[in-house]
There are 2 protein chains.
Amino acid sequence: MANRFVEKLCRFVQLSPEEMAALEEATARPRPFGPHRDLIREGDRPGPVLVMLEGWALRYKVLPGGGRQIVAFLMPGDACDLHVNLLAEMDHSIQTITNAQVATIPGEIMEKMMAQPGIARAMYISQLVDEGTLRAWIVSMGRRSSVERIAHLLLELYRRAADVGLAAGDTMALPLSQAVLADAVGMTSVHVNRMLQELRRSGAVTLQRGVLNICNPAALTRLAGFDENYLHRSRRSVFS
Amino acid sequence: MANRFVEKLCRFVQLSPEEMAALEEATARPRPFGPHRDLIREGDRPGPVLVMLEGWALRYKVLPGGGRQIVAFLMPGDACDLHVNLLAEMDHSIQTITNAQVATIPGEIMEKMMAQPGIARAMYISQLVDEGTLRAWIVSMGRRSSVERIAHLLLELYRRAADVGLAAGDTMALPLSQAVLADAVGMTSVHVNRMLQELRRSGAVTLQRGVLNICNPAALTRLAGFDENYLHRSRRSVFS
DNA sequence: CGGAAGATTGAGAGTTCTCAATGCCTGTGG
DNA sequence: CCACAGGCATTGAGAACTCTCAATCTTCCG
C-alpha cells in the first residue's frame with residue numbers, strides 16, 4: 001500500500017513498479033515532529049528534500065513589523081521544493097501545524113531518483129502545480145472579496161485533500177485555527193470569523209472544531225469563482 | 001556580446017563558452033510582437049519555452065467577474081516556465097505590454113540544452129527565483145499597506161532591471177500605466193495614483209512618463225520592508 | 001476546577017473603492 | 001502650426017470594507 005506521497009505522484013504520471021518502489025524506499029523512514037516546529041527557517045542553507053507523510057505544515061514569511069504571511073499549506077503527500085539545494089539560502093520558513101511525520105530525501109538519493117523518467121516527470125509536474133497554486137493565491141488576494149477568498153481557499157484545500165484520500169464525502173479534517181486562516185488570506189482573525197459565519201449562514205460550507213463540510217459544492221464554487229484548472233488534476237472533478 | 005537572457009543566467013552560474021554559445025544560438029532568431037498581444041492564453045496547450053529579449057510582458061489571470069490580476073512581469077532576459085509542456089493546458093495567459101522581441105525554444109532543443117549541467121543549473125535556479133517572487137507577491141498583497149505594496153513592487157522591478165543592465169544609476173524605463181500597476185498590486189488605478197503621489201511627496205521615488213527614479217533607496221527599502229533575499233542575487237546590492 | 005487557547009461580539013477608526021468629472025500629453029489630419 | 005481625439009493621470013466625495021481594541025464565551029485538558 002503506497003504512502004500518500006507516492007499516491008499523489010501517481011495521479012500525475014503512470015509510474016513503473018521500480019519507480020514506485022524507489023519512492024517508497026526513499027520515504028520509508030520519516031521522523032516525527034510536534035506541532036509548531038520550524039522544519040527550516042528563512043536564511044538557512046537548504047537541506048534535503050522534505051516530504052510530508054502525516055500531518056500539516058505551512059510555508060511562511062515574517063515581515064519587519066512582525067506580521068506573518070502564510071504562502072502555502074503542506075498536507076500529507078506534499079513535498080518541498082525539488083532543487084532548493086541549488087540556492088544559498090531559504091527565502092521563507094516551513095513550520096509544522098500539527099503533529100507530523102516527515103521524510104527527508106538527501107540530495108544524492110534525489111539525484112539518483114530523478115534519473116528515472118517517470119519520477120522526474122512527476123516531480124516536475126508537482127512543482128508546476130505548486131507554482132500554479134501560488135499564482136492562484138495572488139489572484140485571490142488581489143481580486144477577490146474576503147468571503148470569496150476564504151471560500152476559494154477552503155475549496156482548494158478540499159480538492160487537494162480529496163486527491164490524496166483525506167476527504168470523506170463532502171467532509172474533511174482541517175486543523176487550521178481562524179488565526180492561521182487569517183495569516184493565509186491576509187485578513188484579521190476577527191474578520192475571518194465573521195466571514196466564516198457568513199458562509200455558514202449561506203449554507204455553502206461549515207468549518208467547526210476542525211472539520212470542514214462542503215454543504216453546497218456548486219454554490220461554493222460559484223461564489224469563490226473557483227476554477228480548478230491550476231491544480232492540473234488528471235481525473236475528473238471529485239464532485240462530478 | 002551576450003543577449004540579456006544569457007547575461008541573466010550568467011549571474012546565477014558560471015557558464016562554459018559552449019553553454020553560452022548554445023543559449024545564444026537557441027535565442028538568435030526572435031520574433032517581433034506588438035503591444036497587448038497574447039503570446040499564449042489560459043487553456044491553451046503549452047508550447048515552446050518563450051524568452052523575452054526585448055520589451056515587457058505580463059502573466060495574468062482573469063476572473064469570472066471580468067477582473068484581471070497580473071501575477072508576474074517579464075522583462076528582457078526573462079524566460080517562461082521550463083517544463084510547462086508537461087502540463088495539458090496553461091493555467092494563465094501571457095501578454096506583451098510593449099513592442100517585444102521574443103524567442104522561442106522548441107522542446108527538443110530545450111531538452112538537448114538541459115543535458116549541459118551549467119544550463120540546467122541556471123534554468124533551475126531561475127525557476128526557483130520566479131517561485132520566490134510569487135511568494136513575495138503574496139506576502140505583499142496579504143500584509144503590506146498599499147503604499148508599501150507599490151514601493152515593494154517598484155523596488156523589485158528596479159533590482160531585476162538593474163541586474164540585466166536596464167537601469168542607469170537610480171533611473172530606469174518602466175513602461176507600466178497606473179492601470180497595469182493597479183492590476184498587479186490588487187488595487188484601483190485611482191488609488192495607485194494617490195499612493196504614487198504620496199511616494200513622490202515623501203521624496204522616495206518618482207514615476208512619471210514611464211521613467212522610474214529611485215530618489216532615496218534607503219528610505220524606500222525601509223518603507224517597503226524590502227528584503228531582496230528572494231531574488232537570490234549572487235552579487236552585492238546595486239546600491240551598496 | 002482552573003487555565004489556556006480559540007471563537008465571538010460590538011463599536012468606532014481607517015483604508016480603499018466607486019463613480020464621475022476634469023486635466024494633461026501625444027499623435028494625426030487639416 | 002493648430003485643433004481634436006484618445007489614452008492616461010488626477011481630483012473629489014460618499015459608500016463599503018476591514019481593522020483595531022477590548023470584552024465575553026466556549027471548549028479542551030490536566
Side-chain angles (χ1 to χ4, degrees), chain A residues 34-36 56 58 63 65-70 95-99 140-154 173-201 205-213 223, chain B residues 34-36 56 63 65-70 96-99 140-154 173-201 205-213 223:
Chain A
H36 314 300
W56 288 57
L58 46 79
L63 289 102
R68 174 177 84 152
Q69 175 66 45
I70 293 171
Q95 182 175 89
T96 58
I97 296 173
T98 62
N99 280 310
S140 265
M141 317 228 69
R143 290 293 177 225
R144 274 191 255 264
S145 72
S146 46
V147 212
E148 297 169 345
R149 197 139 85 234
I150 292 182
H152 196 277
L153 175 60
L154 295 180
L174 191 68
L176 309 180
S177 70
Q178 296 182 354
V180 167
L181 283 174
D183 280 347
V185 293
M187 317 184 335
T188 286
S189 68
V190 171
H191 204 234
V192 165
N193 180 288
R194 296 199 238 257
M195 297 303 101
L196 239 23
Q197 288 178 49
E198 196 168 316
L199 285 172
R200 206 140 52 206
R201 257 199 312 283
V205 234
T206 252
L207 172 54
Q208 270 162 327
R209 298 142 183 262
V211 357
L212 172 70
N213 189 301
L223 167 65
Chain B
H36 314 299
W56 288 57
L63 288 102
R68 174 177 83 152
Q69 175 66 44
I70 293 170
T96 58
I97 296 173
T98 62
N99 279 309
S140 264
M141 318 228 68
R143 291 293 177 223
R144 274 190 255 263
S145 72
S146 47
V147 212
E148 296 168 347
R149 197 138 87 233
I150 293 183
H152 196 276
L153 175 60
L154 295 180
L174 191 66
L176 310 180
S177 70
Q178 295 182 356
V180 168
L181 283 174
D183 280 347
V185 293
M187 318 187 331
T188 286
S189 68
V190 172
H191 204 233
V192 166
N193 179 288
R194 295 199 238 257
M195 296 304 100
L196 238 24
Q197 288 178 49
E198 195 168 316
L199 285 173
R200 209 141 51 209
R201 256 199 312 283
V205 233
T206 251
L207 171 55
Q208 270 162 326
R209 299 141 183 258
V211 357
L212 172 71
N213 190 301
L223 167 64

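Owing to the predicted nature of the structure, the values given are computational and were not obtained by experimental measurement. Chain naming here is simple, since letters A, B, ... match the order of the sequence lines and numbering starts at 1 in each.
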*Using a 4.0 Å heavy-atom cut-off across all strands, classify B:Arg143 as base, sugar-phosphate, or nothing.*
nothing
_5′-ward residue of the pair B:His36/A:Ser145 relative to DNA chain D_ = B:His36
*Can you find a donor-acceptor N/O pair under 3.5 angstrom joining the side chain of A:Arg194 to the base of C:dG10?*
yes
_Proximity to the side chain of A:His191 - top-ranked nucleotide from D:dC19, D:dC21, C:dT16_ = D:dC19
*In degrees rounded to 10°, what angle is found between the helical axes fit to the five outermost pairs at each end of the helix from C:dC1-D:dG30 to C:dG30-D:dC1?*
30°
*Does anything in residues 176-187 of chain A reach DNA chain C, meaning a heavy atom under 4.0 Å, and if so which residues?*
A:Ser177, A:Gln178
*Look at the side chain of A:Arg209 and decide which nucleotide, out of D:dT27, C:dT8, C:dC25, has an atom nearest to it.*
D:dT27
*asked:* Rounded to whole Å, how long is the line connecting atom CD of A:Glu198 with atom P of C:dT9?
replied: 13 Å
*Compare side-chain N and O positions of A:Ser146 against OP1 and OP2 of D:dT18 and report whether any pair is under 4.0 Å apart.*
yes
*So, is A:Gln197 near the phosphate of C:dT9, with a side-chain N or O under 4.0 Å from OP1 or OP2?*
yes
*Would you indicate, yes or no, if D:dA9 has its OP1 or OP2 atom less than 4.0 angstrom from a side-chain nitrogen or oxygen of B:Ser189?*
no
Table please: side-chain donor-acceptor pairs of residues 187-198 of chain A below 3.5 Å, with sequence neighbours left out.
from: A:Asn193; atom 1: OD1; to: A:Gln197; atom 2: NE2; distance (Å): 2.4
from: A:Asn193; atom 1: ND2; to: A:Gln178; atom 2: OE1; distance (Å): 3.0

*Find which nucleotide of DNA chain D each of A:Val147 and A:Val190 is nearest to by heavy atoms, and output the residue with the more 5' nucleotide.*
A:Val147
_Is there a side-chain contact between B:Asn193 and the phosphate of D:dT10, meaning an N or O under 4.0 Å from OP1 or OP2?_
yes
*Indicate whether OP1 or OP2 belonging to C:dT15 is found under 4.0 Å from a side-chain N or O atom of B:Arg144.*
no
*With sugar-phosphate meaning primed atoms plus P, OP1 and OP2, does A:Arg149 contact a base, only sugar-phosphate, or nothing at under 4.0 Å between heavy atoms?*
nothing
